[in-house]
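In what follows, a single structure is set out as structure tokens and then discussed.
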Amino acid sequence: MKKKITHSLYPYIALLLSFVSPLPIYAETLASDILVSDNPVIALPVTQTCAGAPWPNIVWIHVHDNEETARQTALHALSQIQQGCLLDLRHGGNREVSVQNSQVSYQFDPNRIFTPKGRQSALKCRQGDCAAAMAQLTHAANQFLSQYLAQKQLIVALHNNQPNSGLSIRNYITGGSMAGVTRQIVTNSDNNAHDFFYVTSQRAFDFLTIRGFNVVLQNNEDISDDGSLSVWSAQQQIDYINVEAGTGHSSAQLAMLAAIWAYMQQYYL
Ligand SMILES: [Zn+2]
């Protein structure tokens with residue numbers, strides 16, 4: 001289903017401007033430099049940056065290290081909110097994480113490792129004991145999920161795409177390359193097609209569509225398991241929202257995060 005609506009983003013930009021002045025953000029590096037290690041048990045390279053007290057039931061997450069607009073926009077929004085934490089995978093500035101240790105070298109897309117089936121496809125083993133690589137990756141992914149995400153009620157992921165050639169909401173419309181994952185979709189021609197929400201709950205879909213955004217609702221009952229965080233979240237019945245914007249679309253992504261902040265306050269805080 002596709003329908004077009006028009007709506008002003010102004011209230012959300014105004015909401016952003018109403019945030020009080022930022023406090024300094026502090027970062028805690030929880031695990032890093034795993035890319036070369038003699039330790040056969042790896043951990044995902046997580047940096048947690050908090051702008052105040054963590055939310056007990058919500059987390060924001062940034063997994064692709066090359067998507068800098070999303071990272072900076074998230075940190076900026078958190079500094080205005082003065083609460084909450086961003087989980088940030090930092091691994092050399094690339095989309096994929098590379099691991100090299102005494103047993104094996106391999107790489108993977110960090111947003112394809114959250115289910116067993118996803119890991120089977122995601123793991124690119126270059127050299128060495130590839131069974132060991134799968135065991136390491138499974139341990140690292142499960143550890144990450146249980147430590148940071150399994151107890152949450154809302155996960156807000158931030159991504160960027162390439163505004164010229166990359167992913168846009170058009171991919172999710174009937175006939176598009178991603179149409180198979182779409183349960184419901186609303187596009188608003190006032191928005192850039194590269195700036196859209198991808199959500200797993202009807203509640204988030206309704207909240208964001210009536211505020212004039214481009215939104216895709218994932219078909220949780222009939223989606224192929226690619227190991228992504230949206231699939232895992234649907235399996236766990238955790239509310240998941242991907243805030244997806246074109247690279248460099250900072251103000252659009254910030255306005256989207258202001259709507260997320262309103263959603264969080266209405267339902268979770
Ligand atoms: Zn991404």
Side-chain angles (χ1 to χ4, degrees), residues 29-49 59-75 86-145 147-149 155-168 171 177-178 181 194 198 224-233 240 242-248 253:
T29 301
L30 300 168
S32 63
D33 300 325
I34 58 95
L35 307 184
V36 178
S37 170
D38 285 334
N39 187 344
V41 178
I42 68 157
L44 295 183
V46 183
T47 296
Q48 182 166 244
T49 303
V59 71
W60 292 11
I61 181 168
H62 177 263
V63 298
H64 289 140
D65 200 4
N66 60 334
E67 297 174 1
E68 194 62 27
T69 299
R71 169 182 288 132
Q72 294 305 327
T73 304
L75 293 175
L86 178 70
L87 290 177
D88 191 5
L89 297 191
R90 292 180 179 258
H91 43 90
N94 301 309
R95 179 182 178 89
E96 299 207 333
V97 177
S98 295
V99 176
Q100 185 173 353
N101 56 40
S102 56
Q103 287 178 290
V104 63
S105 71
Y106 58 96
Q107 68 184 73
F108 54 89
D109 182 331
N111 197 30
R112 293 291 182 273
I113 61 169
F114 298 113
T115 66
K117 189 177 176 190
R119 286 190 291 276
Q120 290 293 339
S121 303
L123 185 112
K124 300 168 190 168
C125 186
R126 289 192 296 258
Q127 197 173 10
D129 184 347
C130 294
M134 181 56 73
Q136 291 173 9
L137 183 57
T138 298
H139 176 85
N142 288 337
Q143 173 77 20
F144 176 79
L145 290 170
Q147 186 169 355
Y148 296 111
L149 301 182
I155 296 171
V156 177
L158 292 114
H159 288 272
N160 292 130
N161 55 67
Q162 292 305 316
N164 296 324
S165 56
L167 192 70
S168 82
N171 293 85
S177 62
M178 302 295 291
V181 308
H194 292 275
Y198 181 94
S224 67
D225 178 359
D226 65 356
S228 61
L229 205 47
S230 68
V231 168
W232 178 83
S233 298
Y240 168 94
N242 170 17
V243 183
E244 175 87 39
T247 299
Q253 201 160 24

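These numbers come from a predicted model, not from an experiment.
With sequence neighbours left out, the ring pair (Phe, Tyr, Trp, His ring centres under 6.0 Å) criterion links Tyr198 to Tyr172. Remark: Ser105 pairs with Gln100, Arg126, Gln127 by the side chain to side chain contact (heavy atoms under 4.5 Å, CB included) rule, at least two apart or across chains.
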Requested in this report: Apply side-chain contact (heavy atoms from CB on, under 4.5 Å) to Thr247 and Glu67, showing your working.
Outcome: CA-CA 7 Å; Thr247 299; Glu67 297 174 1; over 6 Å; no

Report task. Under the side-chain contact (heavy atoms from CB on, under 4.5 Å) rule, what do Trp60 and Val243 come out as? Steps first, then yes or no, please. Result -> CA-CA 10 Å; Trp60 292 11; Val243 183; over 6 Å; no

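Side-chain contact check for Leu158 versus Arg71: every heavy-atom pair is 4.5 Å or farther apart. Residues Phe114 and Val231 fail the side-chain proximity criterion, which asks for heavy atoms closer than 4.5 Å. Using a 4.5 Å heavy-atom cutoff, the side chains of Leu44 and Ile113 are in contact. Two residues are said to be in side-chain contact when any heavy atoms from C-beta on lie closer than 4.5 Å; Leu229 and Leu149 meet this criterion. No side-chain heavy atom of Val156 sits less than 4.5 Å from a side-chain heavy atom of Ile61. Put simply, the side chain of Ile155 reaches to within 4.5 Å of the side chain of Trp232, judged on heavy atoms. Within the 4.5 Å cutoff, the side chain of Leu167 has no heavy atoms near those of the His159 side chain. Taking the side chain as every heavy atom from C-beta outward, Val104 and Gln136 approach each other to under 4.5 Å.
A donor-acceptor pair under 3.5 Å links the side-chain atoms of Asn160 to the main chain of Ala245, judged by distance alone. With hydrogens and angles disregarded, no donor-acceptor distance shorter than 3.5 Å links the side chain of Gln103 to the backbone of Ala133. Checked by atom type and distance alone, the side chain of Asn171 never pairs as donor or acceptor with a backbone atom of Ser177 at under 3.5 Å.
Closest of all the heavy-atom pairs between Asp225 and Gly227 is OD1-N, 3.0 Å. Across all their heavy atoms, Ala140 and Ala43 have their closest contact at CB-CA, 4.2 Å. Between Leu137 and Tyr106, the shortest heavy-atom contact is N-OH, 4.1 Å. Considering every non-hydrogen atom in both Pro110 and His91, the closest pair reads CG-NE2, 4.2 Å. Shortest non-hydrogen contact noted between Asp65 and Glu68 is O-OE1, 4.2 Å.
Note that the NE2 atom of His194 and the CG atom of Asn161 stand 6.0 Å from one another [nearest 0.5 Å]. Taking CG of Leu89 as the reference point, atom NE2 of His62 lies at 9.0 Å (rounded to 0.5 Å).
Screening Asn111, Asp109, Asn94 for a side-chain hydrogen bond (donor to acceptor under 3.5 Å, both in side chains) with His64, the sole residue that qualifies is Asp109.
The pair Asp226-Arg112 meets the salt-bridge criterion, with a side-chain N (NZ, NE, NH1 or NH2) lying under 4.0 Å from an Asp/Glu carboxylate O.
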